[in-house]
Chemist: 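Dropping a structure here in structure tokens format, bear with me for questions.
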Amino acid sequence: MFRPDLLKAKRILITGGGTGLGRGMATRFLELGATVYICGRREEVLQATAKELSSKGPIHAIACDVRDLAAVEAMMNSIWSAGPIDILVNNAAGNFIARTEELSPGAWNSVIGIVLMGSLSCTMACGRRWLSSKHSGTVLSISATYAPVGSAYVVPSAVSKAGVEALTRSLAVEWGNRGIRLNAIAPGPIPTQGAFSRVLPRPELETLALDRNPLHRFGTIEELANLAVFLVSDGSGYINGEVIRMDGGEFLQGAGEFSSLGRILKEEDWQAIKPKKK
Ligand code: HXC
Ligand code: NAP
């Protein structure tokens, strides 16, 4: 669906690029001509992914915990020594379901540190470099559909993703006139080992998630990657400060007062409800 050289000459950093959606975006970006950097905490996972994707194009793995500001700065310096990146994808995340009253301070810190502070640190590190060298840049953050409304049982994530969306909208305005664009994608459930093992750890939770979705299926990594390509490409240059939901309509189904009637009312019920012909 895209020109094969769409991202030629683009240098892209994907945090959490060794697995799941990050790996899927890395794959698609490479196929479209980009040079890709991936980071994460686990060196061996990153190296394996880089090796597997290296036939598609230039890919570099850098071990970095985005909670560690000094490590983020060191990673950016190392990348910039070969030239500026053009695109940052804030994709690294931590999450799990838990009853909020049982969360320890360490649990809060862990998720907020990765999702909110990690995205903030990476965005600031790139933004400052872009601004000081008058280089244009694009930031794409991966949020979640519950960010604007909150969600029970994933509260550290909800708090953090809401902050990431506020960061996106705020800096889109503050930095827009200096060639920096920021957008986000809010995906619904997309099967990845990292996410589903932590937020849908039992089969009945997956069934519930499918039932809540008008399309009765999960999203795919390829669908997410295609949207990401569009949003980071120059062709979407006038989209700035937006959060694009990609969830098959799940969010809207949950919001509509009568949207779940179709799951309960059968053909005979609709016939019975209809006014009788006179
Ligand atoms: C309660 C928990 C917990 C759980 C960990 N903790 N898991 N508390 N319930 N299930 C607590 C620990 O006890 C510890 O508290 C603190 O959190 C830090 O845990 P560690 O294991 O020491 O931290 P760390 O090794 O840094 O691991 C971070 C993590 C882990 C977030 C806890 O899950 C992780 O590495 N996640 C990365 C990948 C990921 O989460 N992917 C899913 C993204 S899906 P103490 O008190 O001992 O310090 C997503 C959206 C999904 O974001 C939306 C679907 C629709
Ligand atoms: P995933 O495979 O678990 O990806 C998370 C990645 O983040 C991993 O590669 C992990 O690598 C990295 N990471 C975690 N902590 C890090 C840290 N401190 N520093 C650097 N990297 C770190 O899960 P995913 O499903 O692909 O999630 C990707 C993104 O999509 C996340 O932002 C998530 O919130 C979002 N999302 C996913 C879904 C879904 O259904 N899959 C839905 C909505 C939103 P290491 O463990 O090696 O560090």
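Heavy atoms only: backbone and side chains are in, while hydrogens, waters and symmetry mates are out. Remember, it's 1-based here, ligands and their atoms both numbered in the order they're listed.
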Chemist: Parallel, tilted or perpendicular: which describes the rings of Phe218 and Phe196, with under 30° parallel and over 60° perpendicular?
Modeler: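 If you compare the ring of Phe218 with that of Phe196, the planes turn out perpendicular.
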Chemist: Which ligand 1 atoms, with their elements, are less than 4.0 angstrom from a heavy-atom of Arg67?
Modeler: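 In order of number, 26 (O).
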Chemist: So which of Leu200, Val199, Ile97 gets nearest to atom 54 (C) of ligand 1, if we judge by its closest heavy atom?
Modeler: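 It is Val199 that holds the nearest heavy atom.
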Chemist: Tell me whether Asn95 reaches ligand 2 (any heavy atom closer than 4.0 angstrom to a ligand atom).
Modeler: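 Not so, Asn95 does not reach ligand 2.
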Chemist: With heavy atoms only and a cut-off of under 4.0 Å, state how Ala107 meets ligand 1: side chain, backbone, both or neither.
Modeler: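 It is both backbone and side chain that touch ligand 1.
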Chemist: Is the shortest heavy-atom distance from the side chain of Met76 to the side chain of Arg129 under 4.5 Å?
Modeler: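 Sidechains of Arg129 and Met76: in contact.
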Chemist: For Ala82, give me all partners under side chain to side chain contact (heavy atoms under 4.5 Å, CB included), at least two apart in sequence or on another chain.
Modeler: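 In terms of side chain to side chain contact (heavy atoms under 4.5 Å, CB included), with neighbours along the sequence ignored, Ala82 is linked to Arg11, Tyr37.
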Chemist: Which heavy-atom pair separates Gly113 from Met117 by the least distance, and what is that distance?
Modeler: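 Between these two residues, the closest heavy atoms are O-CB, 3.4 Å.
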Chemist: With a cut-off of 4.0 Å, which atoms of ligand 2 are near a heavy atom of Pro189?
Modeler: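 Close to Pro189: 40 (O).
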Chemist: Distance under 4.0 Å to a non-hydrogen atom of Lys161: what atoms of ligand 2 satisfy this?
Modeler: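 This gives 31 (C), 32 (O), 33 (C), 34 (O) as the contact atoms.
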Chemist: Could an N or O of ligand 1 be found under 3.5 Å from any N or O of Lys161, whether backbone or side chain?
Modeler: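 No; the residue has no nitrogen or oxygen that sits under 3.5 Å from a nitrogen or oxygen of the ligand.
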Chemist: Might you point out which heavy atoms bring Trp108 and Leu103 nearest each other, and give the distance in Å?
Modeler: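 For Trp108 versus Leu103, the nearest heavy atoms are NE1-CB, 3.5 Å.
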Chemist: May I ask you to test the Ser157-Tyr146 pair for a side-chain heavy-atom distance under 4.5 Å?
Modeler: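 Result yes, sub-4.5 Å side-chain heavy-atom pair found.
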Chemist: At what distance is the nearest protein heavy atom to atom 18 (N) of ligand 2, and which residue and atom is it?
Modeler: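 It is Asp65 OD1, 2.8 Å.
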Chemist: Is atom NZ of Lys276 surrounded by more than 12 heavy atoms (other residues, nucleotides or ligands) closer than 6.0 Å?
Modeler: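 Enclosed: over 12 neighbouring heavy atoms sit under 6.0 Å from NZ of Lys276.
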Chemist: Can you find a heavy atom in the side chain of Leu7 that is under 4.5 Å from one in the side chain of Phe2?
Modeler: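 Result no, sub-4.5 Å side-chain heavy-atom pair not found.
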Chemist: Show me which atoms of ligand 2 lie under 4.0 Å from any heavy atom of Gly188.
Modeler: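 Counting from 1, the qualifying ligand atoms are 40 (O), 42 (C).
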Chemist: What is the closest protein heavy atom to atom 35 (C) of ligand 2, and at what distance does it sit?
Modeler: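 It is Ile142 CG2, 3.6 Å.
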Chemist: For ligand 1, is any non-hydrogen atom under 4.0 Å from Arg41's backbone (N, CA, C, O), its side chain (CB onward), both, or neither?
Modeler: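 Side chain only; the backbone of Arg41 stays clear of ligand 1.
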Chemist: Return the option from Gly219, Ala92, Pro191 holding the heavy atom at the smallest distance from atom 13 (N) of ligand 2.
Modeler: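 Selected option, by shortest heavy-atom distance: Ala92.
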Chemist: Look only at interatomic distance and state if Val66 has a nitrogen or oxygen under 3.5 Å from any nitrogen or oxygen of ligand 2.
Modeler: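 It does: an N or O of Val66 is found under 3.5 Å from an N or O of ligand 2.
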Chemist: Give a yes or no on whether Arg202 atom CZ has more than 12 heavy-atom contacts from other residues, nucleotides or ligands under 6.0 Å away.
Modeler: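 It does not: Arg202 CZ has 12 such atoms or fewer within range.
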Chemist: Mark up the atoms of ligand 2 that fall under 4.0 Å of a heavy atom belonging to Leu21, in ascending order.
Modeler: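 That gives atoms 26 (O), 30 (O), 37 (C) of ligand 2.
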Chemist: Under the salt bridge (Lys or Arg N to Asp or Glu O under 4.0 Å) test against Lys10, which residue among Asp234, Asp5, Asp86 passes?
Modeler: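 When salt bridge (Lys or Arg N to Asp or Glu O under 4.0 Å) is applied between Lys10 and each of Asp234, Asp5, Asp86, only Asp234 qualifies.
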Chemist: Which protein heavy atom lies closest to atom 24 (P) of ligand 2, and at what distance to 0.1 Å?
Modeler: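 It is Thr192 OG1, 3.5 Å.
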Chemist: Is it the case that ligand 2 has an N or O less than 3.5 angstrom from some N or O of Arg41?
Modeler: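 For ligand 2, there is an N or O atom that lies under 3.5 Å from one belonging to Arg41.
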Chemist: For atom 20 (C) of ligand 2, state which one of Gly16, Gly17, Cys64 supplies the nearest heavy atom.
Modeler: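 Nearest heavy atom to atom 20 (C) of ligand 2 lies in Cys64.
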Chemist: Does Arg23 have a heavy atom less than 4.0 Å from any atom of ligand 2?
Modeler: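 In this structure, Arg23 fails to qualify as a contact of ligand 2 - no heavy atom is under 4.0 Å.
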Chemist: Atoms of ligand 2 less than 4.0 Å from Gly20 heavy atoms?
Modeler: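 So the atoms of ligand 2 that pass are 2 (O), 26 (O).
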Chemist: What do you reckon, does Pro187 put a non-hydrogen atom under 4.0 Å from ligand 2?
Modeler: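 Yes, Pro187 has a heavy atom closer than 4.0 Å to ligand 2.
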Chemist: Any side-chain heavy atom of Ile244 sitting closer than 4.5 Å to one from Leu227?
Modeler: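 Ile244 vs Leu227: side chains touch.
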Chemist: Does a salt bridge link Arg42 with Glu44, judged by any charged N lying under 4.0 Å from a carboxylate O?
Modeler: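 Here Arg42 does not pair with Glu44 in a salt bridge, since their nearest N and O are not under 4.0 Å apart.
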Chemist: Just wondering, more than 12 heavy atoms not from Arg128 lying within 6.0 Å of its CZ?
Modeler: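 No, the 6.0 Å shell around CZ holds no more than 12 heavy atoms from other groups.
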Chemist: Would you mind running through ligand 1 and noting each atom that sits below 4.0 Å from a heavy atom of Gly194?
Modeler: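 Per the distance check, 41 (N), 42 (C).
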Chemist: For atom 43 (C) of ligand 1, find the nearest protein heavy atom and state the residue, atom name and distance (0.1 Å precision).
Modeler: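 Scanning the protein heavy atoms, the shortest distance from atom 43 (C) of ligand 1 goes to Asn95 CB, 4.1 Å.
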Chemist: Any idea which protein heavy atom is nearest atom 19 (O) of ligand 1, and the distance to it?
Modeler: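 The closest heavy atom on the protein side is Ser110 OG, 4.6 Å.
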Chemist: What are the atoms of ligand 1, with element, lying closer than 4.0 Å to any heavy atom of Ser104?
Modeler: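 In order of numbering, the contacting atoms are 15 (O), 45 (P), 46 (O).
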Chemist: Would you indicate which of Phe218, Tyr146, Phe96, Trp108 comes nearest to atom 32 (C) of ligand 1 when only heavy atoms are counted?
Modeler: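 Nearest option to atom 32 (C) of ligand 1, by heavy atoms: Phe96.
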Chemist: Which option wins on minimum heavy-atom distance to atom 32 (O) of ligand 2: Ile185, Val72, Asn91?
Modeler: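 Going through Ile185, Val72, Asn91 one by one, Asn91 has the nearest heavy atom to atom 32 (O) of ligand 2.
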Chemist: Please find the pair of heavy atoms, one from Ala34 and one from Ile12, that lie closest to each other, and give the distance.
Modeler: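 That would be CB-CD1, 3.7 Å.
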Chemist: Counting heavy atoms only, name the option from Gln193, Arg198, Glu102 that's nearest to atom 34 (C) of ligand 1.
Modeler: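 Among Gln193, Arg198, Glu102, the closest heavy atom to atom 34 (C) of ligand 1 comes from Arg198.
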Chemist: Atom 48 (O) of ligand 1: which protein heavy atom is closest, and how many Å away?
Modeler: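 Ranking protein heavy atoms by distance from atom 48 (O) of ligand 1, first comes Gly106 CA, 3.4 Å.
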Chemist: Touching ligand 2 at all, Thr15? Heavy atoms, strictly under 4.0 Å?
Modeler: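 No heavy atom of Thr15 comes that close to ligand 2.
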Chemist: Is there a side-chain contact between Val139 and Asn90, using heavy atoms and a 4.5 Å cut-off?
Modeler: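 A side-chain contact under 4.5 Å exists here.
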Chemist: If the contact criterion is a heavy-atom separation under 4.0 Å, does Ala186 count as touching ligand 2?
Modeler: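 No heavy atom of Ala186 comes that close to ligand 2.
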Chemist: Indicate yes or no: at least one non-hydrogen side-chain atom of Pro4 is less than 4.5 angstrom from one of Glu31.
Modeler: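 They are not in side-chain contact.
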Chemist: If the contact criterion is a heavy-atom separation under 4.0 Å, does Gly118 count as touching ligand 2?
Modeler: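 The answer is no: ligand 2 sits nowhere under 4.0 Å from a heavy atom of Gly118.
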Chemist: May I ask you to check if ligand 2 and Ile190 share an N or O to N or O distance below 3.5 Å?
Modeler: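 Between Ile190 and ligand 2, an N or O pair is found under 3.5 Å apart.
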Chemist: Any atoms of ligand 2 less than 4.0 Å from a non-hydrogen atom of Ser143? List them with their elements.
Modeler: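 Answer for ligand 2: 43 (C), 44 (C).
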Chemist: Under the rule for side chain to side chain contact (heavy atoms under 4.5 Å, CB included), what residues qualify as partners of Ala93, not counting sequence neighbours?
Modeler: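 Residues passing side chain to side chain contact (heavy atoms under 4.5 Å, CB included) with Ala93: Val115, Lys161.
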Chemist: Out of Met25, Arg42, Glu44, Arg67, whose heavy atom is nearest to atom 47 (O) of ligand 2?
Modeler: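 Residue with the shortest heavy-atom distance to the ligand atom: Arg42.
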Chemist: Closer than 4.0 angstrom: is that true for some heavy atom of Ala144 and an atom of ligand 1?
Modeler: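 No heavy atom of Ala144 comes that close to ligand 1.
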Chemist: Should Asp247 and Pro187 count as side-chain neighbours, where that means a heavy-atom distance under 4.5 Å?
Modeler: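 No; the side chains remain at least 4.5 Å from each other.
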Chemist: Please walk me through it: do Arg169 and Glu242 pass salt bridge (Lys or Arg N to Asp or Glu O under 4.0 Å)?
Modeler: CA-CA 7 Å; Arg169 294 186 172 108; Glu242 290 299 324; over 6 Å; no
Chemist: Just so I know, are the side chains of Ile79 and Leu13 near enough to count as touching, which here means a heavy-atom distance under 4.5 Å?
Modeler: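 A side-chain contact under 4.5 Å exists here.
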Chemist: What are the atoms of ligand 2, with element, lying closer than 4.0 Å to any heavy atom of Thr19?
Modeler: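 Listed by number with element: 1 (P), 2 (O), 4 (O), 6 (C), 8 (C), 9 (O).
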Chemist: Quick check: closest heavy atoms across Thr15 and Asn91, and the distance to 0.1 Å?
Modeler: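 Nearest pair, atom of Thr15 first, then Asn91: OG1-N, 2.9 Å.
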Chemist: Under a 4.0 Å heavy-atom limit, does Ala195 contact ligand 1 with its side chain, its backbone, both, or neither?
Modeler: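 Under 4.0 Å from ligand 1, Ala195 contributes backbone and side-chain atoms.
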Chemist: Identify the protein heavy atom lying closest to atom 3 (O) of ligand 2, giving its residue, its atom name and the separation to 0.1 Å.
Modeler: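 Scanning the protein heavy atoms, the shortest distance from atom 3 (O) of ligand 2 goes to Gly194 CA, 3.3 Å.
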